[in-house]
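Lettering follows sequence order; numbering is per chain, from 1.
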2 protein chains.
Amino acid sequence: MSLKHAILSMVISQPKSGYDIAKEFSGSVNFYWGASHQQIYKTLAELENNQWLAVEGIAQLGKPNKKNYSITAKGREELLLWVEQPSKKPSAKNILLVKLLTLEEVGKDVLIKVLNDHQLKAEQNLKTYQNIEEEFFSNGVEDIKELYYVSKYLSLRYGINHAKGELLWLEETLQVLEGRK
Amino acid sequence: MSLKHAILSMVISQPKSGYDIAKEFSGSVNFYWGASHQQIYKTLAELENNQWLAVEGIAQLGKPNKKNYSITAKGREELLLWVEQPSKKPSAKNILLVKLLTLEEVGKDVLIKVLNDHQLKAEQNLKTYQNIEEEFFSNGVEDIKELYYVSKYLSLRYGINHAKGELLWLEETLQVLEGRK
DNA sequence: GCTCCCATGTAACCGGTTACATGATTGG
DNA sequence: CCAATCATGTAACCGGTTACATGGGAGC
């Protein structure tokens with residue numbers, strides 16, 4: 001799995017708690033990766049067990065105590081190994097294409113409706129991403145080559161590219177379907 | 001899950017055995033869905049239990065016996081319901097973007113290598129898909145509107161669109177990385 | 001004799017989701 | 001008073017992967 005490695009990557013620059021990581025996962029990181037807090041805490045426990053992360057308990061005033069995790073030398077080694085090894089992509093699953101298999105059974109009208117719904121969502125997604133991109137540049141981040149911003153910017157670009165690609169395919173597909181009797 | 005529904009979709013036009021379904025999953029269907037034979041047999045058993053599929057044992061000469069599954073009325077109902085209900089897309093996971101988070105730690109050279117490897121694979125994929133598309137049209141399938149070919153063609157188009165989108169993003173990303181000191 | 005094709009399964013494990021659980025502090 | 005934020009977990013379940021298992025027939 002690579003949730004382990006995603007978490008390792010997220011704590012290399014600074015120690016973080018499970019809560020911090022969960023917040024990141026529900027923010028911009030969510031464009032390309034996701035995890036529930038339950039899964040995060042479970043994985044953190046494993047990472048600590050492997051000694052890829054070290055914990056430090058922190059007592060806070062007026063807030064619950066928290067645990068700050070930081071990467072160990074062993075963790076850094078593991079990360080490097082993982083990055084270098086070829087990443088087999090998970091078998092892409094596309095529900096829309098499965099639904100298209102049912103064309104004969106359910107008829108084209110149902111499928112056109114399904115595709116239209118999806119199109120709407122994809123358009124909204126694209127707009128959201130593009131808004132974020134605009135903010136990105138208007139907020140004084142002229143030089144995306146700044147280390148800190150590179151990965152954020154690239155994941156945004158990834159989201160935008162993919163939303164556009166999906167929309168193209170949806171248009172194509174709707175045309176084919178609508179062309180049918 | 002929708003493996004259940006994927007299988008239901010695959011047997012609406014004609015009864016199939018687990019082996020048949022596994023073969024389809026390792027063929028063109030694999031562009032957008034995948035399943036191991038173990039998972040397929042397990043799921044078929046469940047589907048039979050739900051009475052969404054009916055089985056017929058078939059004795060064969062010179063070959064192992066097989067079980068032919070066909071969809072029931074109940075199965076058809078379920079399929080229709082499923083198609084109509086909005087399909088929440090699974091949280092897209094992109095390992096490359098996680099790897100990019102490690103830029104600071106591992107350095108850009110390692111990441112450029114990783115991205116180049118990926119680029120090569122994506123290019124090969126695209127070529128494969130395009131070859132299949134060519135065959136598609138040269139094999140006398142002039143009219144893709146023929147019911148039988150629609151979903152196959154559209155899944156091919158999906159594969160091609162996405163491979164192209166990925167390549168664009170990879171180029172963009174490599175330029176950003178190479179622009180960095 | 002070896003390998004591939006046909007054909008169907010069991011068992012252990014793993015990663016992730018859903019539901020349940022707790023409890024103080026801050027801001028409207 | 002209510003909702004949100006901070007903060008961490010347990011337990012049951014589910015879908016999927018990996019490894020193991022069997023066995024005849026066809027073609028080289």
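Taking 4.0 Å as the cutoff to heavy atoms of chain A, we find the contact window on DNA chain D bounded by D:dT5 to D:dT18.
Contact of the B:T102 side chain with the B:L111 side chain is registered, since non-hydrogen atoms from C-beta on lie closer than 4.5 Å. The closest side-chain heavy-atom distance from A:E84 to B:V114 is not below 4.5 Å.
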Please report, to 0.1 Å, the donor-acceptor pairs under 3.5 Å made by any side chain of residues 35-58 of chain A, with sequence neighbours excluded.
| residue | atom | partner | partner atom | Å |
| --- | --- | --- | --- | --- |
| A:S36 | OG | A:Q39 | N | 3.4 |
| A:T43 | OG1 | A:Q39 | O | 2.7 |
| A:E46 | OE1 | A:K4 | NZ | 3.4 |

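DNA chain D is contacted by A:H37 of residues 20-37 of chain A, taking any non-hydrogen atom closer than 4.0 Å.
Within 4.0 Å of B:Q38, counting heavy atoms only, lies at least one base atom of the nucleic acid. Residue-level contact check: B:K67 touches the backbone only, with heavy atoms under 4.0 Å from sugar-phosphate atoms and none from bases.
Place A:L3 and A:K63 on DNA chain C by their nearest nucleotides, and A:L3 ends up nearer the 5' end. When each of A:Y69 and B:Q39 is assigned the nucleotide of DNA chain D with its nearest heavy atom, A:Y69 is the one assigned upstream, toward the 5' end. Between A:T43 and B:K42, it is B:K42 whose nearest contact on DNA chain C lies nearer the 5' terminus.
For the pair B:N68 CG and C:dT8 C1', the interatomic distance rounds to 14 Å; values are reported in whole Å.
Although no hydrogens or angles enter the test, the distance criterion places no donor-acceptor pair under 3.5 Å between the side chain of A:K152 and the main chain of A:S28. Listed for the B:W82 side chain is no donor-acceptor partner under 3.5 Å among the backbone atoms of A:K99. Using a distance-only test at 3.5 Å, with no hydrogens or angles considered, no donor-acceptor pair links the side chain of B:W169 to the main chain of A:I160.
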Q: Test side chain to side chain contact (heavy atoms under 4.5 Å, CB included) on A:E178 and A:I112 and set out the steps.
A: CA-CA 8 Å; A:E178 275 157 3; A:I112 287 173; 3.6 Å; yes
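Salt bridge status for B:K113 with B:D109: absent, with no side-chain N to carboxylate O gap under 4.0 Å.
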